[in-house]
Amino acid sequence: MTKLVSIRGAITAHNSKDGIRQAAVRLLGRLYFKNGITDDNVVNITFTVTEDLTAFSPARAVREAGHNVPLMSCAEPSIDGSVKGCIRVMVTANSDNDAKPVYLNGARALRTDLTSVYAIALDGPSGAGKSTVAKAVASKLKITYLDTGALYRALGLKCLTDGVNTADGKAVEKCLTDANVTIEYKDGVQCVILDGADVSGKIRTPEVSMAASAVSAVPYVRQKLLGIQRDIASSSSVILDGRDIGTVVLPCAEFKFFLTASAKIRAKRRYDELTAKGQKVSYDDVYKDVVTRDKNDSTRAVAPLKRAYDAIEINSDNLTAEQVAAVITDCVTEDLA
Ligand code: DC
């Protein structure tokens, strides 16, 4: 039911025109996004700024950024020990949900009562290096890593084992109705448990890759795996890698990245990975698989591979996995500072 809510938020900024402009627009963008509102829901917005922020007005900044709602900014009295360089906001809006406050950068210190659990969505096509990057980020930030592709792979494996035609959505649904897939972490390493058995060692073959891509287009499969992914993300800070994390699974993720690379480079990396594991494959076959999976994953009707509008795109053609991980961790730590 729609009700009137007051949503609070704050961010710290440099005292420059650009500093205040960027901070105010970002704060409002994040607050709108997290609360699922737009200007159409908003009754009015009041900003306050600490006395040291004199270079520009946050209300003017968001007006110039195109927000067409009643706005005002006022100066706060200076209070000993308060956070310096701080923009606060109160948004009054009509919403179906309870208010979700947004405190960014140094302003997080104002609300230590708010949970510091956050989620990083890392989407992109197969072979872009998502899992290597996500593992490195998780280890640097000491957060949980969830490789969501492993869930689809486990269900693809079940269909293959049962001899089900993975192109037949109804047959896939029938085969997977009673399938139980869960994630366990053993010594910090993710294991996929299918009907009580750890199948982590069986899901990385080219056959399972194609089966996973096919079953991932079946709406029943996506629905079945949605709850598992969201449960893991709600209990601790996480990085999830997949295709639809920023768009469908966690549209409110605090951080979103979209990792790309050309098909040739992705195929070369996959080929090296498979041959290093002793699998006998040809580069041409791996390349064909990459192109086919790209097509399947991005043209399917439900939750296709797509960059979320607010995701930061990183092309890894000329970057190592460590360099990409550094870009992501820098971005997150700067924001959480
Ligand atoms: O990331 P991966 O290659 O392990 O994923 C296997 C397949 O599962 C991939 O072709 C697409 C699908 N998938 C998906 O549709 N959504 C996800 N979040 C993760 C994977």
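Remember, it's 1-based here, ligands and their atoms both numbered in the order they're listed. Sequential numbering from 1 along the given sequence is applied to the chain's residues.
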Nearest-contact summary for atom 19 (C) of ligand 1 - protein heavy atom, Å = T148 OG1, 3.3 Å

Report yes if some N/O of D147 lies less than 3.5 Å from some N/O of ligand 1; otherwise report no.
-> no

Determine yes or no for a side-chain-to-main-chain donor-acceptor pair under 3.5 angstrom, with K100 supplying the side chain and N35 the backbone.
-> no

Protein contact to atom 1 (O) of ligand 1 [nearest heavy atom, distance to 0.1 Å] | R243 NH1, 2.9 Å

Atoms in ligand 1 flagged as close to A212, the criterion being non-hydrogen separation under 4.0 Å | 6 (C), 7 (C)

Checking heavy atoms under 4.0 Å, the part of R300 that sits near ligand 1 is side chain

Residue and atom name of the nearest protein heavy atom (relative to atom 16 (N) of ligand 1), distance in Å to one decimal | R222 NH2, 2.9 Å

Nearest-contact summary for atom 4 (O) of ligand 1 - protein heavy atom, Å | R153 NE, 2.6 Å

Report the nearest protein non-hydrogen atom to atom 8 (O) of ligand 1: residue, atom name, distance rounded to 0.1 Å.
-> Y152 CB, 3.4 Å

Heavy atom under 4.0 Å from ligand 1: found in S213's side chain, backbone, both, or neither?
-> both

Check for a donor-acceptor pair, side chain of D241 on one end and backbone N or O of L122 on the other, with a separation under 3.5 Å.
-> no

Is the shortest heavy-atom distance from the side chain of P58 to the side chain of I20 under 4.5 Å?
-> yes

Interatomic distance, CZ@R243 vs OG@S126, rounded to 0.5 Å, equals 5.5 Å

Is the cationic atom of R307 (NZ for Lys, CZ for Arg) positioned less than 6.0 Å from the six-membered ring centroid of F258 and within 45 degrees of its normal?
-> no

Salt-bridge present (R204, D147; N to O < 4.0 Å) | yes

Check ligand 1 against R270 and write out every atom of the ligand that is under 4.0 Å from a heavy-atom position of the residue.
-> 3 (O)

Within a distance under 4.0 Å of any heavy atom of D297, pick out the atoms of ligand 1 and give their elements.
-> 9 (C), 10 (O), 11 (C)

Could you tell me whether K186 and D198 have a side-chain N and a carboxylate O separated by less than 4.0 Å?
-> yes

Distance col, row I45:CD1 vs Y32:OH, nearest 0.5 angstrom, shows 3.5 Å

Any ion pair linking K288 and D284 (charged N to carboxylate O, less than 4.0 Å)?
-> no

Which atoms of ligand 1 are found less than 4.0 Å from any heavy atom of G242?
-> 17 (C), 18 (N), 19 (C)

Under 4.0 Å from ligand 1, counting heavy atoms only, is it the side chain of R293, its backbone, both or neither?
-> side chain

